A.B. asks: 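Below are the structure tokens for one structure; questions will follow.
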Amino acid sequence: MKKLLLIYTGGTIGMSRNPRTGTLEPFSFSHLLANVPELTQLDAQIDNGQWADADGNPLPPIDSSDMSPELWIQLARTIAANYDAYDGFVILHGTDTMAYTASALSFMLENLTKPVILTGSQLPVGQLRTDGRENLITAVQIATATDSEGHALVPEVGICFGGALLRGNRTTKKSAEAFSAFASFNYPPLADVGVEITYHPDRILKPNTHTGLRTRKPDLDNVQCSIFNSQFSIQLDSRVIIFSLFPGIREDIIKHIIMAPGVRGIVMRTYGSGNAPQYPWLLRALRESTKSGKVIVNVSQCIQGRVEMSRYDCGYHLQEAGVISGRDITVESAVTKLMYLLARYPDEPDAVRQLMTRSLRGEMTE
Ligand code: ASP
């Protein structure tokens, strides 16, 4: 029998209605499990993974709008601490920031050989037409599925939702209403969920099964450390910002963002294939910021397709100003990857720039 750790962080799936205000509020884990008795029919031992702070104090379930880099670190720590004891992990999470959490976890947990599957729902499990029951049951099945040699079928951070399993760091929340709430516009599903769960092994990452989970500075110098020799040190640097270009963008306002001394990384949402207006003040501000060590990443406002800064003159100037191409990465993935790399290479902006253009966990097409 497979062993699975179920971590409940909150979200609609476990919410119930406050009789006084009429709003949905996070509720207890036992309430949630009581509404999905089918879990006992699955061929898996399901344990409750404690959602706890750095000192081990239990955290209350949250609306995922309250998610934070500190909580991502706690989640990654919980998975790493329990990594040997379980075959797979399911994280119950609100849909609003699920794509950010999935992206952040994918960067923090390097060389995953076990599934980490996030799911949630649009309707609470206590409601008649809930999508939560099916999402949860399917997520557990995927997180415990193995091949004939016992290797996990999906050794990745995935989002299982509304009939599809998507690579977590390729995913965006696309609907506030549809049961199919997530999409991966630039990468196909890892599995289709219908009458059968049809996996697509050719689209799934292949980990190195001979090395353990890596959690510390492995990308450039190949240092390998893991939680098991107590060298776990995942950090995230949240001194980053996302901003969108639009016709009418003003120097006196935008310069405060680009030039802000506290900012170390910027995700700039450009037009089409990575284009921007050719205002001299904008290019100058970008160039000066880059020189001062800030990392500026170009991510398109289009949800599908890729940045190609050499296609148009107005994109080419950005490249000259030191702006890095985010290729076909999602905004969620770009901002969390920046947090991860800026923390890993605090004094090496060139290393961060170089790694921002490379696929670390399948988050972009090179
Ligand atoms: N506001 C909720 C959350 O993200 C929405 C959901 O779970 O669907 O926690």
Side-chain angles (χ1 to χ4, degrees), residues 64-65 67-69 72 75 91 93-110 112 116-120 154 156-162 164-176 178 180-190 203-205 236-238 240-245 265-276 295-309 315 318 323-342 352-353 355-366:
S64 77
S65 311
M67 193 43 81
S68 67
W72 290 336
L75 262 182
I91 300 173
H93 195 290
T95 56
D96 289 346
T97 61
M98 192 186 291
Y100 290 90
T101 299
S103 300
L105 287 177
S106 78
F107 297 117
M108 290 191 281
L109 302 170
E110 191 186 358
L112 264 185
V116 175
I117 308 297
L118 288 97
T119 195
V154 188
E156 288 207 26
V157 178
I159 288 185
C160 171
F161 212 98
L165 174 70
L166 307 173
R167 174 168 295 161
N169 58 29
R170 289 283 196 160
T171 306
T172 294
K173 182 173 177 182
K174 66 163 188 197
S175 173
S180 162
F182 290 90
S184 166
F185 292 101
N186 287 320
Y187 198 75
L190 305 181
R203 301 172 187 166
I204 297 173
L205 294 174
L236 294 169
D237 187 338
S238 57
V240 297
I241 189 144
I242 304 168
F243 86 92
S244 265
L245 296 176
I266 299 171
V267 175
M268 183 168 74
R269 306 201 64 195
T270 57
Y271 305 130
S273 57
N275 305 315
V295 178
I296 308 171
V297 187
N298 185 341
V299 177
S300 176
Q301 291 172 24
C302 296
I303 45 181
Q304 206 255 313
R306 57 191 290 121
V307 164
E308 281 179 65
M309 286 192 278
L318 292 181
V323 175
I324 299 301
S325 171
R327 302 177 192 261
D328 61 354
I329 200 167
T330 61
V331 171
E332 295 89 332
S333 208
V335 75
T336 52
K337 185 175 175 179
L338 260 182
M339 288 185 196
Y340 165 77
L341 289 175
L342 287 169
V352 176
R353 289 192 190 105
L355 290 167
M356 281 306 294
T357 65
R358 271 181 34 200
S359 169
L360 302 183
R361 313 280 189 266
E363 73 281 7
M364 57 168 56
T365 314
E366 283 192 35

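Values below: all heavy atoms of this structure, side chains included; hydrogens, waters and symmetry mates excluded. Computed from a predicted model, the values in this text were never measured in an experiment.
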A.B. asks: Ignoring hydrogens and angles, write down the donor-acceptor pairs under 3.5 Å from the side chains of residues 266-273, residues two or more places apart or on other chains.
C.D. replies:
residue : atom : partner : partner atom : Å
Thr270  : OG1  : Asn298  : OD1          : 2.6
Tyr271  : OH   : Phe246  : N            : 3.2
Tyr271  : OH   : Phe246  : O            : 3.4

A.B. asks: Quick one: side-chain hydrogen bond (donor to acceptor under 3.5 Å, both in side chains) partners of Ser238, sequence neighbours excluded?
C.D. replies: none

A.B. asks: Any side-chain donor paired with an acceptor under 3.5 Å for Ser333 and Asn169?
C.D. replies: no

A.B. asks: List in chain and number order the residues that pass side-chain hydrogen bond (donor to acceptor under 3.5 Å, both in side chains) with Ser184, two or more places apart in sequence or in another chain; answer none if no residue qualifies.
C.D. replies: none

A.B. asks: Would you please name every residue forming a salt bridge (Lys or Arg N to Asp or Glu O under 4.0 Å) with Arg306, sequence neighbours left out?
C.D. replies: none

A.B. asks: Got a donor-acceptor contact below 3.5 angstrom from the Arg361 side chain to the Phe107 backbone?
C.D. replies: yes

A.B. asks: Run the side-chain contact (heavy atoms from CB on, under 4.5 Å) test against Thr95 and tell me which residues pass, sequence neighbours left out.
C.D. replies: Met98, Gln122, Phe161, Lys173, Phe182

A.B. asks: Test your reading of the model: is there a side-chain donor-acceptor pair from Thr119 to the backbone of Cys160, 3.5 Å cut-off?
C.D. replies: yes

A.B. asks: Can you sort out the partners of Ser300 under side-chain hydrogen bond (donor to acceptor under 3.5 Å, both in side chains), two or more places apart, ordered by chain and number?
C.D. replies: none

A.B. asks: For Ser180, what residues pass the side-chain contact (heavy atoms from CB on, under 4.5 Å) criterion, not counting sequence neighbours?
C.D. replies: Lys174

A.B. asks: Restricting to side-chain contact (heavy atoms from CB on, under 4.5 Å), what partner residues turn up for Leu342, sequence neighbours left out?
C.D. replies: Asp237, Val240, Arg264, Val295, Leu338, Val352

A.B. asks: Taking only residues two or more places apart in sequence, or in another chain, which ones meet Ile303 in a side-chain contact (heavy atoms from CB on, under 4.5 Å)?
C.D. replies: Phe185

A.B. asks: May I have the step-by-step check of salt bridge (Lys or Arg N to Asp or Glu O under 4.0 Å) for Lys337 and Glu363, ending in yes or no?
C.D. replies: CA-CA 9 Å; Lys337 185 175 175 179; Glu363 73 281 7; 2.5 Å; yes

A.B. asks: Does anything in residues 324-334 form a salt bridge (Lys or Arg N to Asp or Glu O under 4.0 Å)? List the pairs, not counting sequence neighbours.
C.D. replies: Arg170-Asp328

